[in-house]
Amino acid sequence: MDKLRMVGGNPLNGEVVIAGAKNAALPILCACLLTDQPIILRNVPDLQDVRTMLKLLQEIGVTVHFPDAGDRSHLVLNASVIKSSEATYEMVKTMRASILVLGPLLARMHSAKVSLPGGCAIGARPVDQHIKGLKGMGATIKIKSGYIQAEIKPPLERLKGASILTDMITVTGTENLLMAATLATGTTVLENAAREPEVGDLAELLVKMGAKISGIGSDKLIIEGVEKLHGAEHAVIPDRIEAGTFLCAVAAAGGEVLVKNCRPDTLDAVLVKLKDAGLKMEVGPSWIKASMQGRPKAVSFRTSEYPAFPTDMQAQLMAVNAIASGSSTITETIFENRFMHVQELNRLGADIAIEGNTAIVQGEEKLSGAIVMATDLRASASLVIAGLAAHGETQVDRIYHLDRGYDRMEQKLTLLGANIQRIK
Ligand code: EPU
């Protein structure tokens, strides 16, 4: 298993180019299942979750072609032949986002069999809202032997439009139902829809494919079903979480970095907190120039759905707070178990206590390097940030979590002057 070894203390200087968003690319890859024509994608991040999703799509029958040798960000997907409508337990257990094939397969093939994901490191994460919504659209769904078995049965010939109000805001739930509704008969209204920019990016691609969607970016999506969708070309939106992660790294390690190919307008809540922490920022339409001198100031925050502070940035800003002057409270409202990094940050000398869904952080002037273990994707990023700011050597084990969601993170950090290496 690969590890990352770093020696803290180097400020970060230079430029970093942000990749396409993982959480936009994953549903967008699944959208190719809605048409028998090619989908051309650009700015697809090269990371493990994308490779896993491509493998699943290939098992289903999709052909995947990289037109430019050596450039994995540009690809052409063709789902003209679907040979299987199944996502096995083996696939779903390695990546929960595999659930995103359920809506498109059911809509196009009229049946789908997808393993129920189990719980995961950050929480129980049920998919009951995906199932409830598809049932509302007329699907017959049984849970059998750990699988969701979904069908459209006569007299229904296609899914039918419906008014769906989910019990809570769910990102992949909204995406699954949105994709399914594009090929339904009649109008679907999705209320309490997730407003995350990644949902909007998927909707933009679906519109290019011929879907009729209004309310994009709002919590009410209205979809007029069409009989067929066609091929399209799309560039995936830049990853706001990767951009936010590099900004936190600068806030913790110091230096001056130009973050390029990002979408600052999708990062408002994060930028407000980083400004309060003392990060100086100049913001352009697709870039942020960030600089930090001295120690950050502690900032309290709570996670919530977009446009509020994202849960996917909680661990990284906690690492900044760990070395900040002052104390802060961090409340996690999306996932019930997303504090696994706390024990590991404390191994580096942080002073963080957990009370219910709130972490209380007393900033320490200096952390000291240690061997720590990554427990999930964003936890790994927070440990890297802490390690870059710590005194001495830090080793982050189980780095496969980081590889799932970051495109060449240690190479990008090395270019910025960090002392970081991958140990095979
Ligand atoms: N929930 C239910 N029932 C459902 C669906 C969700 O109870 O049917 C609950 C969840 O357990 C959670 C809350 O609703 O407590 C929100 O979950 P959501 O469904 O929005 O999460 P997700 O769609 O599974 C996506 C991202 C996550 C990100 C969350 C929240 C993808 C592939 N994943 O997950 O990304 O944290 O939204 O923004 O888009 C990551 O990138 O590190 C990551 C975990």
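Position 1 is the first residue of the sequence; numbering continues from there. Only heavy atoms go into these numbers, but all of them, side chains included; no hydrogens, no water, no symmetry mates. Remember, it's 1-based here, ligands and their atoms both numbered in the order they're listed.
Every atom of ligand 1 with a heavy atom of M168 under 4.0 Å away is listed here by number and element: 1 (N), 2 (C), 3 (N), 7 (O), 14 (O). Interface atoms of ligand 1 facing T311, defined by a heavy-atom separation under 4.0 Å, are 30 (C), 36 (O), 38 (O). Ligand 1 places these atoms under 4.0 Å from at least one heavy atom of L377: 42 (O). The distance from ligand 1 to the heavy atoms of V127 drops below 4.0 Å at these ligand atoms: 4 (C), 8 (O). Using a 4.0 Å cut-off to heavy atoms of H130, the atoms of ligand 1 that qualify are 8 (O).
The shortest separation from a heavy atom of R404 to ligand 1 is not under 4.0 Å, leaving the residue out of contact.
Contacts between R125 and ligand 1, counted as non-hydrogen atom pairs separated by less than 4.0 Å, involve both the backbone and the side chain. Under 4.0 angstrom from ligand 1, the non-hydrogen atoms of T170 come from both its backbone and its side chain. Here K22 has side-chain heavy atoms under 4.0 Å from ligand 1, and that is the only part of it that gets that close. Heavy atoms from both the backbone and the side chain of Q129 come within less than 4.0 Å of ligand 1.
For atom 23 (O) of ligand 1, the nearest non-hydrogen atom of the protein is T172 OG1, 2.6 Å. With respect to atom 42 (O) of ligand 1, the closest heavy atom belonging to the protein is R378 NE, 2.9 Å. In terms of protein heavy-atom proximity, atom 21 (O) of ligand 1 is nearest to F335 CZ, 3.9 Å.
A salt bridge links E15 with K260: the distance from a Lys NZ or Arg NE/NH1/NH2 to an Asp or Glu carboxylate oxygen falls below 4.0 Å. For K412 and D407, the salt-bridge test fails: no basic side-chain N is under 4.0 Å from an acidic carboxylate O. Taking 4.0 Å as the cut-off between side-chain N and carboxylate O, R195 and D219 do not count as a salt-bridged pair. Under a 4.0 Å N-O distance rule, the pair R5/E393 qualifies as a salt bridge. In this structure, K135 does not pair ionically with D128, as no charged nitrogen and carboxylate oxygen lie closer than 4.0 Å. Salt-bridge check for R240 with D312: failed, with every basic side-chain N at 4.0 Å or more from each acidic carboxylate O. Salt-bridge formation is not detected for the pair K22/E198: no Lys NZ or Arg NE/NH1/NH2 atom is positioned less than 4.0 Å from an Asp or Glu carboxylate oxygen.
Where the criterion is an N or O separation shorter than 3.5 Å, residue side chain and backbone included, I334 meets it with respect to ligand 1. Checked against a 3.5 angstrom limit, the closest N/O atoms of V171 and ligand 1 fall inside it. At least one N/O-N/O distance between P126 and ligand 1 falls below 3.5 Å. In terms of polar-atom proximity, R338 is counted as a contact of ligand 1, with an N or O under 3.5 Å from an N or O of the ligand.
Put simply, the side chain of L77 does not reach to within 4.5 Å of the side chain of P38, judged on heavy atoms.
Selection from D239, N23, T166 by nearest heavy atom to atom 32 (C) of ligand 1 gives N23. With distances taken over non-hydrogen atoms, the option nearest atom 43 (C) of ligand 1 out of D128, D312, N337 is D312.
At most 12 heavy atoms of other shown residues, nucleotides or ligands fall within 6.0 angstrom of atom CD1 in I371. Atom CZ of R302 is surrounded by 12 or fewer heavy atoms from other residues, nucleotides or ligands within 6.0 Å.
Although no hydrogens or angles enter the test, the distance criterion places a donor-acceptor pair under 3.5 Å between the side chain of E336 and the main chain of A124.
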(request) For the pair Q129 and T166, evaluate side chain to side chain donor-acceptor pair (under 3.5 Å) and give the outcome as yes or no after the intermediate values. (result) CA-CA 6 Å; Q129 301 302 308; T166 46; 5.1 Å; no
